[in-house]
Amino acid sequence: DTTTIEGLKRQKRNDMGDFNMTPHADAICKLAVGGRLFSFGLVGFIGDCKEHGIPIGYDELLFIRNRLDMGTFDGPLILPDNVAQFMTMLAAPFSPRSILDPWAGIGGLPCAVQKRLLPQTYDAYTLNAKEHEVFQLLIEASKINMVLADPLDSLQSTDAKYDAVIGCP
């Protein structure tokens, strides 16, 4: 039951327990703890995981952050999953078919919202090239249109309309 705060807390505990059981969780943590995360930065670390054949996505970054008690990697914010779930829960009754995230960072909120609400259109913006690169590395086949641009400038030159604007600056 993810319609209440307590339900979200239980789900988070269940999700973390499930991830702990996946075969690549320990491999990812070994790479992170082995210094690769800190010496290569987030982009290099994701590339290193992929080179070693270790699947890594946003959920795994959440796991690493929780396991290593870190809030950020190399600068970008890793949005806590319970915050993303809460925001998704607020938007769910409206069943938005098109969503805009004008300040998406590395894509944590768009990934969570897309997975749960399944909108037809999801446009997300980031100003930071490194955050855009992290998103592209983590989310290879995504229905999220991540744009590297200033949202204020870009949105002024479009007629696009959205059912919901969801963001976490």
Side-chain angles (χ1 to χ4, degrees), residues 1-16 18-19 28 32 37 41-43 45-46 49 55-156 158 160-169:
D1 174 27
T2 56
T3 59
T4 66
I5 298 299
E6 285 307 311
L8 289 173
K9 287 179 183 176
R10 277 192 302 280
Q11 181 64 40
K12 181 178 182 191
R13 283 192 296 273
N14 291 341
D15 289 347
M16 290 304 294
D18 292 344
F19 182 76
I28 291 171
L37 174 60
L42 187 55
V43 172
F45 175 71
I46 293 168
C49 283
I56 185 164
Y58 194 80
D59 290 339
E60 287 80 8
L61 288 182
L62 287 170
F63 173 77
I64 293 167
R65 187 209 53 215
N66 290 338
R67 173 75 68 90
L68 301 179
D69 194 28
M70 298 171 57
T72 62
F73 293 105
D74 200 39
L77 169 70
I78 307 291
L79 184 71
D81 192 50
N82 58 344
V83 172
Q85 287 185 26
F86 178 72
M87 294 176 75
T88 301
M89 182 178 70
L90 292 176
F94 302 101
S95 302
R97 295 183 336 179
S98 60
I99 297 175
L100 167 67
D101 184 340
W103 206 260
I106 63 171
L109 183 57
C111 290
V113 173
Q114 173 67 34
K115 184 172 23 176
R116 292 171 180 94
L117 298 183
L118 303 171
Q120 294 172 353
T121 304
Y122 202 123
D123 291 339
Y125 286 81
T126 184
L127 281 170
N128 185 298
K130 187 173 275 192
E131 291 176 349
H132 188 263
E133 183 178 5
V134 168
F135 177 82
Q136 299 300 323
L137 287 169
L138 290 175
I139 316 298
E140 293 172 355
S142 175
K143 294 183 179 182
I144 299 167
N145 176 35
M146 178 65 87
V147 180
L148 176 58
D150 183 328
L152 295 176
D153 293 338
S154 294
L155 292 169
Q156 286 180 4
T158 183
K161 299 200 184 313
Y162 300 93
D163 294 333
V165 176
I166 300 175
C168 185

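For the single chain, residues carry numbers from 1 onward in sequence order.
Contact of the Leu148 side chain with the Tyr125 side chain is not registered, since no non-hydrogen atoms from C-beta on lie closer than 4.5 Å. The side-chain heavy atoms of Cys168 and Trp103, taken from C-beta on, include no pair separated by under 4.5 Å. The shortest distance between side-chain heavy atoms of Gln114 and Pro119 falls below 4.5 Å.
Remark: Glu131 CD to Thr126 OG1 distance equals 4.0 Å, nearest 0.5 Å. To the nearest 0.5 Å, atom NZ of residue Lys143 and atom CG of residue Leu118 are 7.0 Å apart. Note that the CE atom of Met89 and the CG atom of Asn82 stand 10.5 Å from one another [nearest 0.5 Å]. Atoms NZ and CD, on Lys115 and Gln85 in that order, are 8.0 Å from each other to the nearest 0.5 Å.
Across Phe135 and Cys111, no two heavy atoms sit closer than the pair CE1-SG, 4.2 Å. Closest approach of Gly105 to Met146, counting heavy atoms only: O-CE, 3.7 Å. Here the shortest heavy-atom pairing between Pro102 and Val165 reads CD-CG1, 3.8 Å. The two atoms that bring Gln156 and Leu152 nearest to each other are CG-O, 3.1 Å, heavy atoms only. The minimum heavy-atom distance between Ala164 and Pro96, with the atom names listed, is CB-CB, 3.7 Å.
Residue Ile166 forms a side-chain contact (heavy atoms from CB on, under 4.5 Å) with just one option from Thr88, Asp101, Ile99, and that option is Ile99.
The side-chain hydrogen bond (donor to acceptor under 3.5 Å, both in side chains) test applied to Asp163 returns no partner, not counting sequence neighbours.
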Quiz item: Is there a side-chain contact (heavy atoms from CB on, under 4.5 Å) between Tyr122 and Leu100 once you walk through the steps?
Solution: CA-CA 6 Å; Tyr122 202 123; Leu100 167 67; over 6 Å; no
Practice problem: Verify side-chain contact (heavy atoms from CB on, under 4.5 Å) between Thr121 and Arg97, making sure each step is shown before the conclusion. | Solution: CA-CA 6 Å; Thr121 304; Arg97 295 183 336 179; over 6 Å; no
